[in-house]
Amino acid sequence: MNIFRLAGDLSHLAAIIILLIKIWKTRSCAGISGRSQVLFAIVFITRYLDLFTNFISAYNTAMKVFFLGSSIGTVYLMYLKFKATYDHNHDTFRIEFLLLPTALLSLVLNHEFSVMEILWTFSIYLESVAILPQLFMVSKTGEAESITSHYLFALGSYRGLYILNWIYRYYFEGFYDIIAIVAGCVQTILYCDFFYLYITKVLKGKKLQLPA
Amino acid sequence: SKAQEPKDEL
């Protein structure tokens with residue numbers, strides 16, 4: 001463990017907590033893409049199947065349990081409990097265009113052709129594009145509540161911090177995983193225009209408005 | 001390369 005990975009995990013944890021607070025406090029999931037949340041739940045389910053077979057540390061297990069529970073819980077809140085506030089009309093990104101290519105790619109480009117390894121690879125590829133429905137929804141509505149933009153900033157930062165972690169591990173541990181690194185860079189790059197808007201607008205107290 | 005086991009990152 002290193003400071004970059006810890007900061008990344010905490011940023012990821014913060015993002016999920018901010019989202020849960022937003023939905024619970026406002027009792028609404030307006031502006032949130034349910035499709036992205038479904039993709040995140042798939043990412044965690046396919047990645048943490050080794051939860052009971054591979055004990056790494058109490059921290060690792062606790063975080064996996066929290067990420068699994070919160071992502072499934074968020075889908076429940078969005079599609080069942082606060083269903084009436086879910087914005088179907090703006091959450092229209094075709095997620096099959098994300099699921100199929102990443103599934104095929106994980107069958108072709110992986111470290112080892114085994115069930116667990118392919119599911120892990122699929123989860124890595126899917127996570128890199130899972131935010132697209134959310135970013136698409138923000139561009140369609142043309143704006144986002146400030147708490148939603150804080151959620152996106154924390155979520156985008158987490159994988160950016162993981163890139164620093166991979167650089168650190170390469171130089172100090174000689175460890176690197178090219179699949180995680182490439183997917184992590186793609187994932188972080190997708191947030192670039194949002195990061196620009198967040199830093200130039202939201203941090204100055206303005207609302208996040210996308211040029212229509 | 002053989003998959004890096006065990007995967008210790010979240």
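Just so it is clear, the structure is predicted and the values come from calculations on it, not from any experiment. Note on naming: letters A, B, ... go to the chains in the order of the sequence lines (proteins, then strands), and numbering restarts at 1 for each one.
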Enquirer: With heavy-atom distances below 4.5 Å as the criterion, would you say the side chains of A:R169 and B:E9 are in contact?
Expert: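 Yes, close enough: below the 4.5 Å cut-off.
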
Enquirer: Within this structure, what is the CE-CG distance for the pair A:M1 and B:D8, rounded to the nearest 0.5 Å?
Expert: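 Answer rounded to 0.5 Å: 8.0 Å.
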
Enquirer: Could you report the tightest heavy-atom contact between A:F67 and B:L10, atom names first, then the distance?
Expert: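 The pair with the smallest heavy-atom distance is CE1-CD1, 3.9 Å.
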
Enquirer: Mark yes when over 12 heavy atoms from residues, nucleotides or ligands other than A:F55 sit less than 6.0 Å from its CZ; otherwise mark no.
Expert: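 Enclosed: over 12 neighbouring heavy atoms sit under 6.0 Å from CZ of A:F55.
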
Enquirer: Would you mind checking which part of A:N54 comes under 4.5 Å of any heavy atom in chain B, side chain (CB onward), backbone (N, CA, C, O), both or neither?
Expert: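 For A:N54, the side chain is the part near chain B, not the backbone.
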
Enquirer: Hey, which residues of residues 7-27 of chain A are touching chain B, say heavy atoms under 4.5 Å apart?
Expert: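 The residues closer than 4.5 Å to chain B, in numerical order, are A:D9.
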
Enquirer: Report, in residue-number order, which members of residues 39-53 of chain A are under 4.5 Å from chain B by heavy-atom distance.
Expert: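 Listed by number, the contacting residues are A:R47, A:Y48.
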
